[in-house]
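Working notes for the structure below.
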There are 2 protein chains.
Amino acid sequence: MVTRYELSDVETDRIFHALATTTRRDILRRTVAAEQSVSELAAEYDMSFAAVQKHVEVLEAAQLIVKRAAGRERLVRANPEMIARARALLAQYEELWRARVDRLDAFLAEPEPEPEQDPEPDPGPGPTHHLTP
Amino acid sequence: MVTRYELSDVETDRIFHALATTTRRDILRRTVAAEQSVSELAAEYDMSFAAVQKHVEVLEAAQLIVKRAAGRERLVRANPEMIARARALLAQYEELWRARVDRLDAFLAEPEPEPEQDPEPDPGPGPTHHLTP
DNA sequence: ATAACGTACAACCAAATGGTTACACGTTAT
DNA sequence: ATAACGTGTAACCATTTGGTTGTACGTTAT
């Protein structure tokens with residue numbers, strides 16, 4: 001329905017770039033909670049209307065928000081779909097970490113696989129599971 | 001143990017900024033899977049060593065990776081803690097979305113709360129649940 | 001001892017970013 | 001009809017970004 005494609009590199013760049021500014025994250029937070037006009041948003045920040053308008057533009061280009069015309073106003077609402085996609089991407093990295101830890105465990109479990117040179121320097125005492133879950 | 005503080009705005013800015021470049025995400029991906037030296041990383045990309053070194057610097061400033069000296073080499077490994085923090089932040093936004101939908105549902109469930117002026121323009125036919133769960 | 005390697009850092013550059021003011025244009029209110 | 005409002009866009013500016021080359025310095029290999 002919505003998109004369900006894999007995010008391209010440029011799309012992902014845009015998403016994280018859009019999230020990399022406090023003002024824009026705040027706009028996202030406000031519009032994920034409730035639809036708001038660009039003016040209403042602009043009133044919240046200590047900068048010109050044009051500046052806020054540009055921030056909204058960046059969020060829109062990343063498809064993190066969607067605009068809808070209502071008379072002379074443009075109502076902004078967040079697009080949770082894209083937020084979820086970004087979150088899923090980070091979860092993917094964490095999954096890779098899990099896989100790595102598993103490989104390490106498997107290595108440590110083996111008796112003596114192949115005497116390669118220093119395959120993992122200083123694994124430390126005990127199981128290497130400091131992971132945070 | 002690790003940090004368990006709330007991320008400041010500048011820290012969050014740094015994290016998402018670091019994630020906003022394909023090259024840096026790729027470095028993160030590689031180092032989350034296995035520890036690698038800066039040279040090993042640099043060999044993977046079509047740019048100067050110095051360029052890659054700077055990308056590593058950005059990731060390090062965001063604490064998304066950690067460097068460790070080993071002779072003349074600097075071994076880079078990802079810091080899943082920070083990846084998790086970024087993911088948690090996005091999940092927070094999605095939670096706000098849930099809360100918003102719940103408020104809307106509650107509003108639609110009420111018989112006639114207060115005749116305010118157009119509190120949610122065009123709720124459309126049927127329940128507004130297009131959400132992707 | 002000397003050469004090669006891995007890293008760091010400085011200086012430089014073009015392009016992008018985040019902000020400004022000014023203006024045009026459609027919509028709403030008086 | 002006219003004024004005020006909401007939005008979009010253009011021109012401009014300082015700073016940051018992402019890349020370059022060159023150099024210095026400690027570490028490893030010959």
Side-chain angles (χ1 to χ4, degrees), chain A residues 9-28 30-31 34-77 116-118 121-122, chain B residues 9-28 30-31 34-62 64-77 117-118 121-122:
Chain A
D9 282 345
V10 275
E11 284 175 319
T12 312
D13 285 7
R14 272 197 280 259
I15 291 176
F16 283 121
H17 168 69
L19 290 170
T21 299
T22 306
T23 303
R24 285 198 290 262
R25 284 194 306 276
D26 199 66
I27 291 176
L28 190 63
R30 289 191 136 94
T31 55
E35 203 174 36
Q36 289 181 53
S37 76
V38 182
S39 304
E40 282 175 319
L41 289 171
E44 301 288 341
Y45 306 98
D46 188 26
M47 64 184 78
S48 69
F49 173 86
V52 174
Q53 211 265 342
K54 283 213 255 177
H55 281 304
V56 168
E57 216 169 41
V58 170
L59 286 164
E60 194 181 14
Q63 301 186 65
L64 282 165
I65 61 166
V66 169
K67 267 192 303 193
R68 161 172 93 79
R72 62 183 166 184
E73 296 189 327
R74 296 297 178 272
L75 298 184
V76 180
R77 69 170 188 277
E116 287 189 59
Q117 44 160 17
D118 206 21
D122 187 47
Chain B
D9 283 345
V10 275
E11 284 174 317
T12 312
D13 285 6
R14 270 196 281 261
I15 291 175
F16 283 121
H17 169 68
L19 290 170
T21 299
T22 305
T23 304
R24 284 199 288 262
R25 283 194 306 277
D26 199 66
I27 291 176
L28 189 63
R30 289 191 136 94
T31 56
E35 204 175 35
Q36 290 183 53
S37 76
V38 181
S39 304
E40 283 175 320
L41 289 171
E44 302 288 342
Y45 306 99
D46 188 27
M47 63 184 81
S48 69
F49 173 87
V52 175
Q53 209 264 342
K54 285 213 254 178
H55 281 304
V56 168
E57 217 168 42
V58 170
L59 286 163
E60 194 182 15
L64 282 165
I65 61 165
V66 169
K67 266 192 305 194
R68 162 172 92 81
R72 62 184 166 185
E73 295 189 327
R74 296 295 178 272
L75 297 185
V76 180
R77 69 169 187 276
Q117 45 159 21
D118 208 20
D122 186 47

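Here is how names work: the chains are called A, B, and so on, in the same order as the sequence lines, proteins then strands, and each is numbered from 1. On a predicted model such as this, the values are computed, not experimentally measured, just so you know.
Counting heavy atoms from C-beta outward, B/His17 and B/Arg24 have side chains that approach closer than 4.5 Å. In this structure, B/Val38 and B/Val76 have side chains that are in contact, with non-hydrogen atoms separated by less than 4.5 Å. Side-chain atoms of A/Gln63 and A/Arg14, non-hydrogen and from C-beta on, never get closer than 4.5 Å to each other. The shortest distance between side-chain heavy atoms of A/Met47 and A/His55 falls below 4.5 Å.
Across the strands present, D/dA1 finds its partner in C/dT30; the criterion is a Watson-Crick or G-U wobble pair with both atom distances under 3.5 angstrom. The partner of C/dA15, taking Watson-Crick or G-U wobble pairs whose two distances both stay under 3.5 Å, is D/dT16.
Of the inter-residue distances, the one linking A/Ile27 atom CD1 with A/Thr21 atom OG1 reads 9.5 Å to the nearest 0.5 angstrom.
Look at B/Glu40 and B/Arg30 and you find no salt bridge, because none of the NZ, NE, NH1 or NH2 atoms lies under 4.0 Å from a carboxylate O.
Of all the heavy atoms in B/Arg25 and B/Leu19, the pair that sits closest is NH1-O, 2.8 Å. Closest approach of A/Tyr45 and A/Asp26 over heavy atoms only: OH-OD2, 2.6 Å.
Note that the first and last nucleotides of DNA chain C, 5' to 3', having any atom under 4.0 angstrom from a heavy atom of chain B are C/dA4 to C/dC9.
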Could you encode protein contacts along nucleotides 7-19 of chain D as a string, one character per nucleotide from 5' to 3', using B for base contact, S for sugar-phosphate-only contact and - for no contact, with a heavy-atom cut-off of under 4.0 Å?
BBB-------SBB
